[in-house]
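What follows is a single structure, written as C-alpha cells, with notes after it.
Atoms considered below: every heavy atom in the structure, side chains included; atoms not considered: hydrogens, waters and symmetry mates.
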Amino acid sequence: MKTIRIFDPALCCSTGVCGTDIDQALVTCAADIDWATRQGARIERLNLAQQPLEFAQNPVVSAFLARSGADSLPLTLIDDEIALAGRYPTRNELSLWAGINGEPSSNGQSACCGGNRSC
C-alpha cells in the first residue's frame with residue numbers, strides 16, 4: 001500500500017481544528033483522513049510548527065519549500081513524490097491514491113461525518 005504524507009503549514013495543533021476561528025478545509029481534511037485511515041490507508045500528517053525537522057530532512061519537501069515557500073503548503077506526497085500542493089486532498093483523491101474501494105461523497109468533494117448531512 002502507498003504511503004500518503006501531508007505536510008501542513010504551521011498550525012496551532014496537530015490538525016489545526018482548534019480555537020474559535022476554525023478553517024473548514026482543515027475540518028474536512030481531518031474527517032477525510034480519519035475516514036481513509038479507517039478504510040486501511042496509510043496517511044501521516046506533519047505540521048511545520050511542530051515537526052520542522054521532518055520538513056528540513058525530506059529532500060522533496062525541502063526543495064519544494066526553497067522553490068515555492070511555506071505559503072504554498074499544504075503539500076501531499078505519495079511515496080515521497082509530489083501529488084498535490086496548495087490545497088488539501090479530497091476524499092476521492094485519498095481514496096484513489098490509497099486504492100480504497102469505499103464510498104466517497106457523491107459530488108466528488110469531502111463531506112462531514114462520512115456524508116451524514118445531519119451533523
Of all heavy-atom pairs linking Ala41 and Ile100, the shortest is CB-CD1, 3.9 Å
Can you measure from SG (Cys29) to CG (Asp34) and round to the nearest 0.5 angstrom? 11.0 Å
Any non-hydrogen side-chain atom of Leu84 less than 4.5 Å from a side-chain atom of Trp97? yes
Report yes if some heavy atom in the side chain of Arg5 is under 4.5 Å from a heavy atom in the side chain of Thr3; otherwise report no. yes
4.5 Å side-chain heavy-atom contact, Asp80 and Asn58: yes
Name of the residue among Arg45, Arg38, Arg91 meeting side chain to side chain contact (heavy atoms under 4.5 Å, CB included) with Ile33: Arg45
So do Phe7 and Leu65 actually touch side chain to side chain, heavy atoms under 4.5 Å? no
Spell out, yes or no, whether Leu77 and Leu94 are grouped together once hydrophobic residues are joined by side-chain heavy atoms under 4.5 Å, including indirect joins. no
For Ile6 versus Pro89, what's the shortest heavy-atom pair and its separation? CD1-CG, 3.9 Å
Lys/Arg-Asp/Glu bridge criterion (N-O < 4.0 Å) met for Asp79, Lys2: no
Can you name the closest pair of heavy atoms from Leu48 and Ala70 and give their distance? CD2-CB, 4.1 Å
Euclidean distance, Leu46 CG relative to Leu75 CG, rounded to 0.5 Å: 10.5 Å
My understanding is that only one of Asp8, Thr28, Thr76 makes a side chain to side chain contact (heavy atoms under 4.5 Å, CB included) with Tyr88; could you say which? Asp8
Is there a continuous path of hydrophobic side-chain contacts, each under 4.5 Å between heavy atoms, that joins Ile43 to Ile82? no
Roughly how far, to the nearest 0.5 Å, is the CD1 atom of Ile78 from the CD atom of Glu93? 9.0 Å
State, with a plain yes or no, whether a side-chain heavy atom of Ser72 is found less than 4.5 Å away from one of Phe64. yes
State yes or no: do Val60 and Ile4 share one hydrophobic cluster built from I, L, V, M, F, W and Y residues joined by side-chain heavy-atom distances below 4.5 Å, directly or via other members? no
